[in-house]
Peer 1: 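The structure follows.
Ligands are counted one by one from 1 in listed order, and the atoms in each one are counted from 1 as well.
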Amino acid sequence: MSVNLSVTLAGIKLKNPVMPASGTFGAGREFSEFFDVGRLGAIVAKTVTLKPREGNMPPRICETTSGMLNSIGLQNEGLEYFLKHDLPYMRKFKIPIIVNIAGNTLEEYAQICRDLKGIEGVSAIELNISCPNIKAGGIAFGASSRLAEQVTAAARYNTDLPLIVKLTPNVYNISKIARAVVSAGADAVSLINTLVGMSIDINTFKPQLANYTGGLSGPAIKPVAVRMVWEVAQTVNVPIIGIGGIMTAEDAIEFFLAGATAVAIGTANFINPTAMIDIINGIERFLSERGLTDIRQLVGKVRL
Ligand SMILES: Cc1cc2nc3c(=O)[nH]c(=O)nc-3n(C[C@H](O)[C@H](O)[C@H](O)COP(=O)(O)O)c2cc1C
């Protein structure tokens, strides 16, 4: 029996609902040695900022129980380099490209949106208002519903592209933030970014990360992410990209049942470079084994 995995997300048609989570796939160069990147539903690029950023001091990654902490700090070569070198490379795969952006100020978010106008191959913009590892911008926008609304409105005013807003879990009420960004014009939301954490080396008494704290990702955060997707799905009427600790197709299916239309895979890519392909195949198998013909038969179907 053939199974339909295609979904529509913020007006973009994806042949399947699986994509990389921003920052864990670069532009796909390394992964193209392991599999045909064109098999993914979409590419989500690493966060790009207006000007190049060096990121934080090393060490910036450490392993924890069932997860990892990172404090990369949005290292990237800046928008000009991205448009010249990374975007043309990603276009080769002929799948939708979601460009993830961050700024220190509202005006920087607005400027990047303007600079992406009319650029071939950009299917959507994802606003990163949830990075916990930078001093200005990032989470400072995503943790306040008023600022989250303002940054979304500024981006909305400056782009006609589909707008996805990536939410932080480091808040008490994520539904309130989701409502704010949707009211300001977000076409979809993605969640979750990493949870702020800390790890200490008991031999040196020093934090494992030079930045002291970092963002926790991987299997440890999956139940938090599933709960948040479920809450947000009941609050807003836009598609959700579920993210957080997805390692297998079974993990992804939990997110669909909670209300996600698509999923993004992060930490799993570092452990198994073909994780996303295994997940696509596994979702297809799960559906056909149950006589289901369409991925949409799972979305939001948790039985309460
Ligand atoms: C090493 C690393 C770098 C990341 N860089 C970014 C980034 O540049 N932009 C962003 O929006 N999220 C970034 N994230 C967050 C992921 O996109 C994702 O939201 C998070 O890791 C949770 O998913 P996971 O548990 O599947 O990794 C990064 C995560 C990791 C582990």
Peer 1: Kindly say whether N100 contributes a backbone atom to a donor-acceptor pair with the side chain of N128 at under 3.5 angstrom?
Peer 2: no

Peer 1: Can you tell which of Y89, Y81, F82 makes a ring pair (Phe, Tyr, Trp, His ring centres under 6.0 Å) with H85?
Peer 2: Y81

Peer 1: Check whether F286 forms a cation-pi arrangement with R290 (NZ or CZ under 6.0 Å from the six-membered ring centre, at most 45° off the ring normal).
Peer 2: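 Yes, R290 sits over the ring of F286.
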
Peer 1: Can you tell me which residues line ligand 1 if we count any heavy atom under 4.0 angstrom from one of its atoms, in chain and number order?
Peer 2: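 A21, S22, G23, T24, K46, T47, M68, N70, L74, N100, N128, K166, I192, N193, T194, S217, G218, I221, I243, G244, G245, G266, T267, F270.
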
Peer 1: What residue pairs, at least two apart or across chains, pass salt bridge (Lys or Arg N to Asp or Glu O under 4.0 Å) with a residue in residues 179-191?
Peer 2: R156-D187

Peer 1: Closest heavy-atom contact between S32 and V37?
Peer 2: CA-CG2, 3.8 Å

Peer 1: Do M276 and F25 touch side chain to side chain, with heavy atoms closer than 4.5 Å?
Peer 2: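 Yes - at least one pair of side-chain heavy atoms lies under 4.5 Å apart.
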
